Amino acid sequence: MEGSHAVAEAVSLCRPQVVAAYPITPQTHIIEHLAEMVADGGLASEFISAESEFAAASIVLGAVAAGSRAFTASASQGLLLMTEVLFNIAGLRLPVVMVCANRAVGAPINIFSDHQDSMALRDAGWIQLYAGSNQEAADTIIQAYRIAETCELPVMVCMDGFFLTHTFEPVDLPGQDTVDAFLPAFHFARTLDPTRPITLGGGSEPDNYMEYRQHQHQALVSAATEIENVNLEFAQTFGRDHGGLIDAYRLEGAEVVMVTLGSVMGAVKDVVDSLRGQGQLVGALRLRCFRPFPASALVTSLCDTGCNAKRIVVLEKALSVGADGIVVTELRAALHNAGMAVIVEGFVGGLGGRDLTIEVIESVFRTASDGVSTRCRFAGLKPESGDQSTMGES
Amino acid sequence: MDVRDTYRHNVLTSGHRACSGCGEAMAARMVTDIIGPDAVYINATGCLQVFTTHNQQSAWQAPWIHSVFANAAAVASGVEAAMRANGKDTPVVVQAGDGGTFDIGLQCLSGMIERGHDVLFVCYDNEAYMNTGVQRSSSTPHAVRTTTSPPGRLSEGKHHLKKDVISIIAAHQMPYAATATVAYFPDLKAKVEKAMSLKGPRFLQVLSPCPLGWNHDAAQTIQVSRLAVETGLFPLVELEHGAVTGVMRLARQRPVEDYIKLQGRFKHLFGSKGGAVEIRHLQALADARIRRYGLLEADTEWTTDTANQVQRRGRGGYARVSKGESQ
Ligand SMILES: Cc1ncc(C[n+]2csc(CCOP(=O)(O)OP(=O)(O)O)c2C)c(N)n1
Ligand code: SF4
């Protein structure tokens with residue numbers, strides 16, 4: 001089943017009452033499929049074709065505040081156009097669930113996948129979960145509603161554009177009854193109801209704004225536990241465990257560990273297997289949850305539990321231009337705060353849809369063992385842009 | 001369970017922090033009391049939102065939500081969809097300033113109307129961005145002084161005309177669009193009631209003088225509001241499915257000078273040759289609106305066609321300055 005199709009089916013199983021949509025590649029197949037389901041009567045939902053992503057985000061904001069489960073999806077330019085509203089949804093603590101079909105950000109305009117769009121929204125106050133496969137993307141939708149509604153926090157389910165949205169993989173969709181049992185009917189305590197009038201989104205000033213923000217931060221940090229719990233319960237109910245906050249692979253005795261996000265993990269696992277076959281002590285770890293940042297789970301997996309990481313290489317599909325990779329910076333800080341003196345090297349690759357091939361992944365493992373660099377490095381640049389080893393340094 | 005205080009029915013209650021004589025506060029009090037507390041209110045950013053909510057205090061006794069500046073109509077679309085999905089028919093009402101309607105909010109408003117949402121959108125038109133300290137909006141009339149359209153050696157205030165938003169809205173062929181103002185309460189009341197009796201997207205533009213931004217005596221809000229109508233500058237009209245179905249006719253036309261001389265925002269026009277040109281243009285615009293909507297029995301000097309061709313001073317806009325005349 002196509003990834004977008006699987007995700008749309010999973011959304012439908014969660015019975016959203018309001019779906020707001022605006023087309024953008026590579027997200028479009030998701031909303032198109034939802035539109036079909038509504039048109040055929042398979043999904044009882046108000047399907048609203050917004051006039052922009054800014055409006056789509058605002059529509060789901062209003063719908064959730066007025067007591068309905070809602071869904072929207074976007075990517076890239078559309079996600080950035082939503083930015084103001086996404087911060088607002090988080091500040092209002094509304095349990096909105098959306099999909100980001102990860103795509104590069106222009107200029108130059110590019111429809112292919114990387115993680116720059118959702119990474120740019122990392123400070124918006126949304127939980128961010130990155131799927132590694134179509135099955136996981138579909139399952140994560142169901143988990144996301146549970147997490148959002150328990151924590152009163154919005155959740156963004158990120159799935160790689162094209163690599164997941166447009167590829168066909170077998171996906172096992174659960175039955176409606178099982179989902180209904182797992183996900184109770186929508187309930188939001190602060191709903192807009194004339195018999196219990198409340199004011200949502202009023203003004204604040206220096207004497208209480210900081211406390212709002214601190215509470216929001218605390219809620220996001222605490223959501224880590226809920227993400228783990230929901231994953232466990234999901235595994236018990238549906239028989240599939242995608243990892244709660246992180247998805248670790250062959251970390252036992254690993255001396256070099258690659259940390260990454262999203263669908264590239266499939267290829268990374270293959271490389272780990274082949275290097276292990278050659279006797280190299282390597283492993284891999286996929287950040288399933290990027291917000292809240294799972295600092296302690298990372299420290300535990302990388303430095304305790306039988307892993308013996310001496311070097312960590314981060315391979316990520318976004319960067320903070322002019323600074324460094326984003327994940328690498330946060331990982332270094334987490335390890336530093338935990339007193340771990342591990343070398344962490346960062347590589348940025350796969351931008352704008354460039355393939356992260358087995359060769360590139362292997363070369364990242366290799367280069368990591370070659371020396372220490374704290375500079376932002378690019379993996380998979382064309383030879384004329386960098387040195388011969390396809391490793392460019394900036 | 002209904003937790004409301006049965007003795008205090010006002011949707012917008014006292015104790016808020018509007019300036020004295022605030023036309024927007026008056027208008028909102030009137031409109032929301034006519035609609036009543038059994039509705040959901042969505043507010044755009046602006047004075048009304050700022051002076052009614054502050055640090056966990058709220059002057060609203062009905063469910064009320066504010067998100068951001070531009071998206072009130074889209075939030076309302078979502079609220080209305082949620083109501084429909086839950087089988088409720090709670091009325092949904094948007095309140096926004098002219099900035100939140102004519103400018104930054106126009107796209108969301110157009111989308112809301114095009115999709116036919118059952119929402120009443122009320123614009124409290126005080127003809128500038130007041131909350132941020134009186135900057136020009138596309139609703140600000142021609143030649144007005146604001147902080148971003150200051151008169152100067154090369155300028156007589158705002159260079160561009162007030163956007164004809166009611167026509168833009170009505171062009172969506174929606175059930176009801178009307179203008180009103182605080183000086184004519186029975187008219188305002190009838191229009192709110194009419195709007196609430198209809199389904200689908202409805203729009204009200206309520207002229208709401210702002211003593212701070214218009215720089216008039218706070219005790220004269222109602223007089224200023226009435227003069228805007230009596231001069232023909234702000235016609236009171238109703239449009240249904242795009243066609244004019246009602247106008248408030250004038251017994252006689254007051255000269256625009258009677259209106260503008262009460263307001264500091266026009267003061268720079270008096271006593272200069274250039275200012276006189278602008279006043280003449282404002283008169284032309286008032287005449288044209290009277291003709292357009294047939295507000296008087298008698299003819300006016302300026303027609304709809306000629307008014308927009310009158311020269312205006314200052315740079316910018318599409319003013320045609322005929323040689324040797326105004327410089
Ligand atoms: C996106 C955005 N841009 C600018 C602002 C700053 N701002 C807040 S209120 C306002 C003006 C409001 O003007 P209007 O809609 O006419 O309402 P009024 O205050 O006059 O009632 C502006 C510019 C903002 N809050 N959000
Ligand atoms: S600035 Fe104007 S609109 Fe704002 S509260 Fe004061 S009088 Fe009212």
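Please read these numbers as outputs of a predicted model, since none were measured by experiment. In the text below, chain A, chain B and the rest are named by the order of the sequence lines, each starting its count at 1.
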| So, do A/Thr165 and A/Met159 sit near enough that their side-chain heavy atoms are less than 4.5 Å apart? | yes

Per-residue contact mode, [X] against chain B (heavy atom under 4.5 angstrom):
X: A/Glu51; answer: both
X: A/Ser49; answer: backbone
X: A/Asp193; answer: backbone
X: A/Ile198; answer: backbone
X: A/Val18; answer: side chain
X: A/Phe87; answer: neither
X: A/Ala20; answer: neither

| Carboxylate-amine/guanidinium proximity below 4.0 Å for B/Lys199 and B/Asp118 | yes

| request: Determine, for B/Glu24 against B/Arg29, whether the closest basic-nitrogen to carboxylate-oxygen distance falls under 4.0 angstrom. | output: no

Pick from [options]: which one has the most heavy-atom pairs with chain A under 4.5 Å?
options: B/Thr53, B/Ile42, B/Asp38, B/Thr90; result: B/Thr53
options: B/Ser67, B/Ala81, B/Ala62; result: B/Ser67
options: B/Lys88, B/Met112, B/His117, B/Arg84; result: B/Arg84
options: B/Pro63, B/Ala73, B/Ala82, B/Cys108; result: B/Pro63

Are [X] and [Y] linked by a side-chain donor-acceptor pair shorter than 3.5 Å?
X: A/Ser4; Y: A/His33; result: no
X: A/Gln216; Y: A/Arg213; result: yes
X: A/Ser118; Y: A/Asn102; result: yes

With a 4.5 angstrom heavy-atom cut-off, could you sort out which part of [X] is near chain A: side chain, backbone, both or neither?
X: B/Glu114; result: neither
X: B/Gln61; result: backbone
X: B/Ala70; result: both
X: B/Arg4; result: both
X: B/Val40; result: side chain

| message | Using a 3.5 Å distance criterion without hydrogens, assess whether the side chain of A/Ser68 forms a donor-acceptor pair with backbone atoms of A/Val64. | response | no

| query | Ignoring hydrogens and geometry, is there a side-chain-to-backbone donor-acceptor pair from A/Arg122 to A/Met119 under 3.5 Å? | reply | yes

| Using the ring of each side chain (for Trp, its six-membered ring), is B/Phe51 parallel, tilted or perpendicular to B/His16, with breaks at 30° and 60°? | tilted

| field | Parallel, tilted or perpendicular: rings of B/Trp60 and B/Tyr41 (30°, 60°) | value | parallel

| field | Distance under 6.0 Å and angle within 45° of ring axis: A/Arg146 vs A/Phe182 | value | yes

| said: Taking every non-hydrogen pair under 4.5 Å, which of A/Ala63, A/Pro197, A/Pro194 racks up the most with chain B? | reply: A/Pro194

